There are 4 protein chains.
Amino acid sequence: MRKRFKKDMAASVQKYTESISYDRRLYKYDIAGSIAHAKMLAKQGIITAKDAQLICKGLASIQTEIENGKFVFKEEHEDIHMNIEARLIEKIGDVGRKLHTARSRNDQVALDVRMYVKDAIADAIEKMKALQSALLDVAEANKVAVMPGYTHVQRAQPVLLAHHLLAYFEMLERDVDRLSDCLVRTNVMPLGSGALAGTPYPLDREFVAKELGFARISQNSMDAVADRDFVIEYEAAASIAMMHLSRLAEELVLWSTPEFGFIEIDDAYATSSSMMPQKKNPDVAELARGKTGRVYGHLMAMLTLMKGLPLTYNRDMQEDKEGLFDTVDTLTGTLDVFVGMVATLKFKVGKASKAAGEGYILATDIADYLVAKGMPFREAHGVVAGLVQYAIEKGKTLDKLSISDYKKFSPKFGKDVYKISAQTSVAARNTVGGTAPSQVKKQLARARKLVNG
Amino acid sequence: MRKRFKKDMAASVQKYTESISYDRRLYKYDIAGSIAHAKMLAKQGIITAKDAQLICKGLASIQTEIENGKFVFKEEHEDIHMNIEARLIEKIGDVGRKLHTARSRNDQVALDVRMYVKDAIADAIEKMKALQSALLDVAEANKVAVMPGYTHVQRAQPVLLAHHLLAYFEMLERDVDRLSDCLVRTNVMPLGSGALAGTPYPLDREFVAKELGFARISQNSMDAVADRDFVIEYEAAASIAMMHLSRLAEELVLWSTPEFGFIEIDDAYATSSSMMPQKKNPDVAELARGKTGRVYGHLMAMLTLMKGLPLTYNRDMQEDKEGLFDTVDTLTGTLDVFVGMVATLKFKVGKASKAAGEGYILATDIADYLVAKGMPFREAHGVVAGLVQYAIEKGKTLDKLSISDYKKFSPKFGKDVYKISAQTSVAARNTVGGTAPSQVKKQLARARKLVNG
Amino acid sequence: MRKRFKKDMAASVQKYTESISYDRRLYKYDIAGSIAHAKMLAKQGIITAKDAQLICKGLASIQTEIENGKFVFKEEHEDIHMNIEARLIEKIGDVGRKLHTARSRNDQVALDVRMYVKDAIADAIEKMKALQSALLDVAEANKVAVMPGYTHVQRAQPVLLAHHLLAYFEMLERDVDRLSDCLVRTNVMPLGSGALAGTPYPLDREFVAKELGFARISQNSMDAVADRDFVIEYEAAASIAMMHLSRLAEELVLWSTPEFGFIEIDDAYATSSSMMPQKKNPDVAELARGKTGRVYGHLMAMLTLMKGLPLTYNRDMQEDKEGLFDTVDTLTGTLDVFVGMVATLKFKVGKASKAAGEGYILATDIADYLVAKGMPFREAHGVVAGLVQYAIEKGKTLDKLSISDYKKFSPKFGKDVYKISAQTSVAARNTVGGTAPSQVKKQLARARKLVNG
Amino acid sequence: MRKRFKKDMAASVQKYTESISYDRRLYKYDIAGSIAHAKMLAKQGIITAKDAQLICKGLASIQTEIENGKFVFKEEHEDIHMNIEARLIEKIGDVGRKLHTARSRNDQVALDVRMYVKDAIADAIEKMKALQSALLDVAEANKVAVMPGYTHVQRAQPVLLAHHLLAYFEMLERDVDRLSDCLVRTNVMPLGSGALAGTPYPLDREFVAKELGFARISQNSMDAVADRDFVIEYEAAASIAMMHLSRLAEELVLWSTPEFGFIEIDDAYATSSSMMPQKKNPDVAELARGKTGRVYGHLMAMLTLMKGLPLTYNRDMQEDKEGLFDTVDTLTGTLDVFVGMVATLKFKVGKASKAAGEGYILATDIADYLVAKGMPFREAHGVVAGLVQYAIEKGKTLDKLSISDYKKFSPKFGKDVYKISAQTSVAARNTVGGTAPSQVKKQLARARKLVNG
């Protein structure tokens with residue numbers, strides 16, 4: 001391709017511009033795409049059937065070479081596309097030179113990356129569902145366990161552990177939805193767009209799409225080679241998913257401190273220290289939290305790189321791949337290891353349950369008690385705030401105050417106030433989405449259906 | 001709400017934590033949400049119908065006060081929710097204290113922001129369609145104009161101007177789709193989630209959803225108050241949309257240089273210089289390009305802030321609003337001004353058309369010419385590369401080479417090579433998505449239907 | 001400035017391009033810069049001394065108008081520079097039209113923003129030193145208190161609370177250094193660069209620099225108007241500083257949970273809940289953590305906007321200001337409120353101290369005990385790991401194991417193993433930077449000197 | 001190190017948590033640090049001199065193994081530190097177990113990364129100076145060439161090409177300064193901080209610092225293991241440097257279009273197309289522009305990951321390395337290839353020079369001409385704006401207007417107005433930092449001195 005030039009590329013330039021060190025990962029998409037392209041060229045009479053057969057056979061044997069570790073990737077062939085094409089010509093001779101008819105690397109690379117992202121989405125969704133399943137298993141195994149629910153990392157109201165875990169189910173459900181939506185926009189076949197303007201050959205683009213399992217073909221050749229929305233959208237969805245996992249990670253880190261002590265992470269998912277022999281560290285959760293930044297960074301890189309690029313293809317866009325590959329690896333790797341970590345979590349139900357009843361966590365229930373006796377909510381809130389303040393000064397928790405203490409704050413208080421407990425609190429929150437056992441049971445059933453469906 | 005404390009908030013804290021200076025923008029959503037909540041409380045017998053009427057009337061009159069600029073926003077009431085509630089109590093007395101029954105600021109703010117985002121999405125989609133229409137108008141008005149198509153900002157192949165503009169139509173179409181998908185996940189009614197655990201009142205959450213035009217209700221109270229996915233997803237979609245606009249902006253900047261000279265931006269959309277009297281600057285396009293960074297920044301801020309937050313609500317999340325509001329303003333403001341700028345663009349068809357035929361831009365067509373005569377593509381590519389190199393050395397363009405020059409490179413060349421022109425080049429690219437006039441005509445019709453549909 | 005055009009700016013364009021709504025904040029720098037410029041023009045004989053006096057007097061009275069709230073900012077004058085110049089002409093007539101001689105908005109705005117950043121740096125450093133002082137006060141007041149030191153949010157080894165607080169002193173010290181370095185690069189006077197090429201007038205640029213308190217003048221006019229490094233560098237330094245504050249914030253949030261219980265935030269720095277009367281939330285710390293994302297976002301916005309801008313000035317660069325202003329406000333606002341919050345923190349020394357001695361936190365000391373008796377470290381580490389495992393299974397802490405238990409793991413254990421305590425552990429770490437009281441005392445003295453120096 | 005646990009690490013966890021696949025890059029720093037540590041342990045009598053010699057010899061031979069490709073890195077040893085230590089024990093037996101005395105991986109990794117960043121800074125500075133030299137060579141070789149200076153990518157005023165190139169010299173000079181400042185904060189020796197609290201051994205930390213060429217030792221052990229400021233600061237400086245290079249890249253892309261045509265990139269630094277035989281693409285510049293996003297992304301990742309981390313070390317921080325390594329490679333790789341590309345640029349002086357005189361680019365000079373004849377600047381600006389408008393309507397450039405045309409706009413115009421040219425324009429801008437040849441000559445001399453100094 002450098003016949004127009006008088007000089008070879010400078011060695012530093014070859015190194016700077018090559019992509020074969022990472023885009024080799026696309027080999028199977030490149031080969032599948034080339035096979036479909038060759039078949040179509042033959043079907044349309046652009047090349048002969050015999051040539052197409054030779055090409056397809058050659059490509060298949062190259063795939064075998066690659067998968068057997070026999071293929072020699074060469075930096076001077078720059079990228080996976082040229083490496084495969086050069087090897088094809090080496091193997092089958094001049095016929096191989098016909099493969100690139102009616103094609104440009106611009107639409108070829110767009111095709112390959114789209115096929116890659118399609119697979120990456122399917123893979124991520126599968127792993128998300130596995131994590132949802134693991135969460136449901138743990139939730140069902142701990143169906144009656146209560147724990148403190150937190151706002152501001154302060155104890156707020158008792159909740160069911162299963163209810164808490166179902167919150168992550170919901171997040172993952174949105175992640176699955178988001179990736180499914182992204183798939184629709186990724187599932188568009190760009191080949192036939194040429195370098196930017198289409199090609200002068202009588203292509204059957206729908207045939208290629210069908211061969212490769214695409215739902216639609218692109219409608220504008222310039223857009224088709226200039227577009228990387230699907231990469232960005234995948235990375236944005238991955239960023240949100242990693243954010244969700246980072247929240248779960250943070251909770252696992254907190255809950256496994258001696259201070260909280262709600263869980264024990266299985267030994268197989270923990271590490272120790274090079275200096276401190278007693279340490280049991282929740283490294284997997286910490287790394288997941290840290291890796292969230294990495295995925296955000298790739299999203300930012302991609303948004304930055306596409307900003308202000310005039311149409312159509314610009315070489316900047318070669319930089320789409322490494323960040324994408326790492327995003328895919330990080331997301332799926334994190335999901336994988338979370339499935340195992342969640343499945344083996346040991347909940348210390350006793351400690352969590354005790355924390356759900358002690359202190360001042362039932363104050364809202366006491367306010368609601370007053371509302372039930374006819375006091376406006378804002379007034380009841382104020383009465384109980386005073387009561388809490390009083391109890392703290394006395395060094396007592398609310399359940400230890402006498403009924404006359406209570407009556408100092410409102411005559412509406414009666415002995416039935418002592419019936420309020422973590423269990424009654426939880427049971428009372430009995431509307432859709434609330435933490436009452438009956439509601440949670442329904443949600444568990446709905447969730448199981450969704451994840452299996 | 002500070003009855004539990006012995007001290008007032010420090011003045012610096014009040015200033016640091018207040019949100020009324022910006023969340024007042026949510027007033028109409030807050031009032032609508034409160035009215036629906038009050039109606040439901042009455043319907044369910046939690047408050048009396050009379051109380052509900054008083055509350056609704058009071059809220060309606062507060063809305064009037066705000067819209068007439070009569071409402072006094074107070075920093076000591078911290079946010080829009082407390083400002084309105086405090087004013088309600090001021091106006092209708094103790095009955096006002098009942099409004100917050102079975103509600104927390106956590107689910108209230110989630111409701112308000114969701115309603116705001118729903119409107120923002122609808123608004124952005126409308127403006128995107130307006131810009132699509134403007135692009136189509138310009139494309140149709142210049143249906144036969146050719147121009148150079150670029151890769152690497154180097155002339156690559158001739159294209160129709162209309163084809164080029166349709167590429168932006170496609171991008172905007174994906175933007176519309178993405179926002180529509182985001183809407184599905186935003187269109188979920190969170191009220192009834194309470195602070196985090198649900199509420200102990202017999203609420204009819206579906207009623208509230210219906211009153212407020214929501215498609216669904218949330219299924220997990222902890223997720224409902226801890227979730228800001230819809231904000232992030234809106235910002236991600238806005239980032240991609242701004243990226244698209246920044247690409248168009250870049251092209252407008254380039255095309256309006258004297259060097260390119262393909263367009264003239266209307267005087268109403270240009271500015272001059274404080275020092276250089278001759279300057280006509282494409283400031284709108286430049287600012288749009290610059291504002292892209294700002295929207296990216298808000299996305300990054302939001303992703304960062306949510307990372308690693310344990311469930312459920314944490315005050316960090318108050319920081320979701322300013323970036324969101326600014327994203328909405330920036331996106332819709334940019335779309336607005338682009339509609340006018342695009343509609344008034346003057347294309348200098350002659351200059352663009354000349355550039356589309358001169359130099360070496362038809363080299364691919366010459367290679368395709370050789371392929372049509374039986375040469376494998378890779379070989380044809382090499383032959384033409386040599387030809388171009390030869391022409392450059394001779395200081396000639398390809399159309400000025402003699403037929404004997406051509407034949408030096410391949411005996412397959414005949415006089416019909418001179419028939420290749422920008423027009424034949426464009427016309428030849430006649431498969432779906434290609435730049436041939438017949439294809440572009442179909443796409444224009446399809447696009448018009450989509451934008452109207 | 002629109003005499004070259006036949007049309008007024010479209011209303012939407014005026015709104016889209018104006019900056020007066022936010023750059024009015026630069027008024028005093030703009031006026032000071034103009035006064036220095038006018039004086040210099042007179043000194044060099046470019047305008048008359050009388051004209052300069054009129055101009056300076058006019059500008060001074062405009063400053064008074066602005067500060068008294070009498071100045072009417074007009075969107076049609078676009079920015080602060082044109083608003084002031086237009087008002088000057090209104091006030092003093094045609095002489096006002098001479099002010100802009102040998103100046104462009106490009107160098108004028110560069111000047112104003114540099115002056116603003118210089119002040120912002122000085123202000124941030126002052127507040128950082130105030131926070132350092134507050135940390136030192138608290139550290140000195142709790143000089144003997146021990147607490148658990150953490151890695152992975154797991155108890156690792158006992159440390160002095162003062163030592164822990166000094167870690168934040170070190171971070172702030174680097175923040176101060178970084179801003180000081182940034183100041184050197186900001187402290188460069190750009191006026192005289194004109195629009196981009198310099199000016200044809202015999203300016204005395206050093207005079208202007210001296211008048212305005214700049215250390216140096218810029219050496220390349222194109223760079224001077226195209227450069228915003230100082231904005232980015234300030235924002236990067238602010239991002240790191242906010243990151244530091246977010247770490248402190250996270251610790252305050254954790255430490256004020258009932259689970260940790262190491263501190264109580266003063267009532268004046270805490271908030272309650274609209275629904276849960278018992279809540280005392282560390283909102284200031286949470287907001288600081290959240291606002292970190294916002295500052296990161298501004299940095300990212302600015303980096304994105306400058307990427308790939310050809311020289312020299314492009315209108316994109318107008319977008320430098322809002323993010324900068326908000327960064328300055330967020331950083332200084334956060335520092336302000338932290339000074340008060342830290343100064344009023346109540347440490348629950350008893351609870352922290354108890355946690356520093358219990359469980360398995362002294363395991364490293366036991367390993368070091370074995371090393372002191374001649375065992376290689378890696379082996380000692382293994383022995384103690386086994387011991388910890390054994391103790392956990394027995395349901396005991398290390399201090400409750402019998403000497404025969406110890407001896408099962410190594411004959412080197414003697415009764416002196418029971419002498420190991422949080423106090424001996426801390427005291428032993430007696431090299432520079434260690435947590436031993438004697439070391440911490442030296443560091444407190446060093447720190448006090450640095451902050452006062 | 002897992003003696004405390006009953007189970008092996010899950011295979012997925014080993015893969016998820018390992019760092020040996022990338023941190024092997026730190027091997028020589030790890031070995032140097034260990035040698036210095038061992039020497040110090042012996043010097044202080046903590047281990048014997050003989051043991052230290054054995055250890056040092058063992059480490060040296062391991063370095064040889066690594067550099068000869070003989071070392072077998074094992075994932076089960078997790079990271080470079082444990083790989084080397086395990087091999088040491090394998091080679092020299094139990095004595096090897098003493099090396100980790102008084103050390104933790106926490107301070108060890110902090111040491112290694114600091115040493116790496118120190119080298120990375122020195123390397124980047126060297127390459128920046130090489131690029132400065134290349135820019136100066138080109139500037140000096142084209143000392144008299146004029147070209148259009150641009151604002152808003154519109155021709156603004158003529159400038160010297162050398163002046164334009166010197167703008168990049170200034171940017172790089174700030175980059176060098178910024179990295180030098182970063183070096184001061186990186187050049188701090190953390191060893192002796194232990195896991196977080198210091199160590200109970202009588203270390204000589206200053207000795208280790210001296211051995212390893214550090215300027216200072218850290219003053220707080222908790223900060224020392226929890227701090228990654230130096231990584232972030234390097235990445236921020238690299239981001240700004242890449243931004244500068246992206247601006248130069250953008251200009252090279254524009255200038256090498258046929259539309260601008262100011263330069264030709266050397267064949268050795270350009271690429272062609274797989275489809276379009278005529279293409280000569282500025283891929284190196286484009287990739288540099290694209291890679292800017294990547295470096296920004298790493299900065300964002302690192303800022304995100306450190307946000308809100310409680311003290312001290314958390315495993316999240318392991319994620320500091322890959323982004324750092326890639327930032328270093330990207331920055332230095334880009335600098336390398338730019339040196340060659342700039343050095344071989346061919347400036348088409350004639351075309352640039354023609355563009356610098358034609359059209360309306362001298363309008364400011366005409367306004368200054370009127371100011372010199374006594375007209376206030378704002379008025380002169382208006383007069384010339386009208387003149388430009390008139391000329392455009394007549395289809396003429398300014399030099400083609402008759403003197404009576406001129407006089408219609410102001411009686412101050414005389415025939416000397418025709419003497420204004422690109423050369424007079426440039427020559428007139430003769431104050432410090434201006435584009436006059438005499439000024440540029442001085443700046444070239446100053447720059448050469450700086451880069452050599």
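All chains are named by letter (A, B, ...) in the order of the sequence lines, taking the proteins before the strands, and each is independently numbered beginning at 1. All values derive from a computational prediction rather than experimental measurement.
Residue contact with chain C, scored on non-hydrogen atoms closer than 4.5 Å, involves the side chain of A:K279 exclusively. Looking at C:A156, the atoms closer than 4.5 Å to chain A (heavy atoms on both sides) sit in the backbone and in the side chain alike. With a 4.5 Å cut-off on non-hydrogen atoms, A:L303 does not touch chain C at all. If you measure heavy-atom distances from A:Q154 to chain C, the contacts under 4.5 Å come from both the backbone and the side chain. The contact between A:M276 and chain C is made by backbone and side chain atoms together, counting heavy-atom distances below 4.5 Å.
Between chain A and the options C:V384, C:V388, C:N281, heavy-atom pairs under 4.5 Å are most frequent for C:N281. When each of A:F260, A:Y360, A:F377 is scored by its heavy-atom pairs under 4.5 Å with chain C, the top score falls to A:F260. The choice from A:A380, A:S256, A:G308, A:G359 that makes the most heavy-atom pairs within less than 4.5 Å of chain C is A:S256.
Across A:I420 and A:L362, no two heavy atoms sit closer than the pair O-CD1, 3.9 Å. Among all heavy-atom pairs drawn from A:I232 and A:M302, the shortest one is CG1-CG, 3.5 Å. Taking each heavy atom of A:G261 and A:K348 in turn, the nearest pair found is O-CD, 3.2 Å. The shortest heavy-atom contact between A:R155 and A:P148 is CG-CB, 3.8 Å.
Between A:K280 and A:D266 there is no salt bridge, since no side-chain nitrogen of the basic residue lies less than 4.0 Å from a carboxylate oxygen of the acidic one. Taking a cutoff of 4.0 Å between a charged side-chain nitrogen and a carboxylate oxygen, C:K373 and C:D368 do not qualify as a salt bridge. Taking the charged nitrogens against the carboxylate oxygens, C:R247 and C:E251 have no contact shorter than 4.0 Å, which rules out a salt bridge.
The only option from C:W255, C:F262, C:Y150 that meets the ring pair (Phe, Tyr, Trp, His ring centres under 6.0 Å) definition with C:H164 turns out to be C:W255.
For the pair C:P376/C:V371, no side-chain contact is recorded, criterion being any heavy-atom separation below 4.5 Å from C-beta on.
Aromatic rings of C:F338 and C:Y269 (six-membered ring for Trp) have centroids beyond the 6.0 Å cut-off, not under it.
Against chain A, no residue from residues 389-399 of chain C qualifies, as none has a non-hydrogen atom under 4.5 angstrom away.
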